[in-house]
2 protein chains.
Amino acid sequence: MREATLKEIANRLGISITTVSKALKNYPDVSDKTRKAVTALAEELHFTPNSFAVNLRTKESKTIGLIIPEVVHHFFSGVVNGIIAEAEKNGYLVIMLQSNESLELEKKQVALLINKRVDGIIMSLSNESNNDAHIKSILEKEIPFVQFDKISKLIPSSKVIIDDQKAAMEAVQHLIDMGCKKIAHIRGLDNPQNSIDRFIGYKKALEKNGIPFDSSLVYSCKSITFEQGVEFAKQILEEDKGIDGIFVITDLVAVGVLAHFNEKGIQVPNQIAVIGFSNWLVSQVITPKLSTVDQPSYEMGVAAFNLLLEEMICRKEQKPFEAKTVALETAIIARESTLKK
Amino acid sequence: MREATLKEIANRLGISITTVSKALKNYPDVSDKTRKAVTALAEELHFTPNSFAVNLRTKESKTIGLIIPEVVHHFFSGVVNGIIAEAEKNGYLVIMLQSNESLELEKKQVALLINKRVDGIIMSLSNESNNDAHIKSILEKEIPFVQFDKISKLIPSSKVIIDDQKAAMEAVQHLIDMGCKKIAHIRGLDNPQNSIDRFIGYKKALEKNGIPFDSSLVYSCKSITFEQGVEFAKQILEEDKGIDGIFVITDLVAVGVLAHFNEKGIQVPNQIAVIGFSNWLVSQVITPKLSTVDQPSYEMGVAAFNLLLEEMICRKEQKPFEAKTVALETAIIARESTLKK
DNA sequence: CTGAAAGCGCTTACAG
DNA sequence: CTGAAAGCGCTTACAG
């Protein structure tokens, strides 16, 4: 089946392509009669404008690029949802790419998106990535660009983040409010900013409550896994330091802690309370249900797209654009693992 | 920064656009000297062909569309990974859209992709979707089309599936092998093919083992949720029919069953064994660890893209194309919830 | 109110 | 080996 074109409609109606185009775009300088004839025939032929031609003329693709380290994480799929939905609402489609935490791949993918001439790029950096040339090339070409979650502070673009320090402080405060006196922290890897910030938040909360910081109560993950949680739980029981609350870097690890405590018959939260971070699905279906910090992933996606849209509009209208950083609110979700009876 | 064009290169070098184009595309009828001059200048100017113009000329976008019900599911993110990676390897980019299980949205999204003139579409249907007009319109326009996972048999397109009947049979056989005598099935919604096939597999396994089918042992989900699993677990205990094994449509629901059994002190698997389907992350971190059926999600994505590529090539070369169905192997993952002591 | 014309940036059949 | 020309399908400034 051949696709209908403006030309075909024009020929059939014995009018010019110009007039057909105007009629379909509701330009005011077309007679009602002509407009009706055109729209009727367009409908009949299932005419839709050839987007390749439109792109070429308007120099816009109404498509944006999205690069993330991995969708598999529950958090990222939430963000992806938000971006795609908000983009669709605004007439944009989203090309998705995954760097799999590889700087090499990430560079190639940025080049692909630039060649594709997407109208903008949203990105969460791979762990290896920082202020590299490929990112600079985006900014140099003045392609609208937004970073989210795993960002580089060195790159002057709009950003969407959460306040990890504050969120961690609130989590630890929650444990304190529940009556915990000796609170351990299972922290993340050394490098990532959010791991560092959550650790700082933990310390600040202790300080604020006049609890002395004790570095022997901090356990550093070698990997972010269920098994790592089991291991530290075991260690904590063996050491028997009187710990009565644990703030864990992320839910997956916290679930490992709970699994071991369950096995050993430790009463959670009455003997030891546990709070995680991220509000994964798994935290709601584990027994006891895990208290955690909710990151608004969908909203993060929405915010990221809207920042991008703002920049795309500014660039198009040749107006000055100033990068913004949006920090989204997190929320403590108190469930069984901290609500003492 | 203005983008370099063929015209600019031609002007600077005092040759024709035609020759520049040919030189860059390694046509044989260009002198070595000219070719070198062209490639050198192209490099210097960071020339990349304007993809909008290329699309218009070649009538190809080197972009495919992907519609899935939800990325949040661990299974779908695996498939998405596979599709994106394999597409990238072959020079294609992927526009992703989510139907959120809404037929309405799905229809709009198909229209968006058609208007966008993607080179092909890969899709997993929403639960409400079947042999609807929007799908037919894809086939009528001869847009290469591949279905995966949640497919409609009525639609004559290539498909990538698992053999749900066989997988379900194996799951139930596993329960029987573990000594279960009275096996219940918590089945999925009425419409989806995989829900139907798993139910058929359940019946076949019983039949094969000479166990009479008892429709009162089949529980039909109204929604695929944790809560639904809790509810049926409660009902099963109340009815007290002597059920000693349950095959559950998917892990999320199975986890709900386990949660309720844990709460009531039911010994799993010794009193009642439970097996799920899909091998979600959550099934490995729950106590007891959930036995399940592993679906090869990444491989499914790779296979789906390759089937699509095959069709895209055939269409382009105007060769006849015949739809194929690829069925991937599943595997029983036996964990604590079925391994009786 | 209508339409001829230029042009977006490329590709390719054709002539020389 | 090189290039003029047509054309992909649209948009829009301009003339009438």
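Numbered from 1 within each chain, the chains take letters A, B, ... in sequence-line order. Since we're looking at a predicted model, the values are computed, not measured.
Using a 4.0 Å heavy-atom criterion, one finds that A/T58 contacts no nucleic acid atom at all. Looking at heavy-atom distances under 4.0 Å, B/I17 makes contact with a base.
In this structure, CG of B/L24 is placed 14 Å from P of D/dG3, rounded to the nearest angstrom.
The two residues A/M96 and B/M96 make their nearest non-hydrogen contact at SD-SD, 3.9 Å.
Comparing D/dT11, C/dT2, C/dG9 against the side chain of A/L56 picks out C/dG9 as the nearest. In this structure, of D/dA5, C/dG7, C/dG3, it is D/dA5 that holds the atom nearest to the side chain of B/T18. Looking at the side chain of A/A53, the nearest of the listed nucleotides C/dG9, D/dC10, D/dT11 is D/dC10. Here the nucleotide nearest the side chain of B/R57, chosen from C/dT11, C/dA4, C/dA6, is C/dT11.
With hydrogens and angles disregarded, a donor-acceptor distance shorter than 3.5 Å links the side chain of B/S51 to the backbone of A/K116.
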Nucleotide N/O to protein N/O under 3.5 Å, stretch nucleotides 14-16 of chain D:
none

### Task
With pairs defined as Watson-Crick or G-U wobble and both distances under 3.5 angstrom, please note down DNA chain D as a dot-bracket string, | for pairing with another strand.
|||.||||||||.|||

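Within residues 111-121 of chain B, no residue has any heavy atom under 4.0 Å from DNA chain C.
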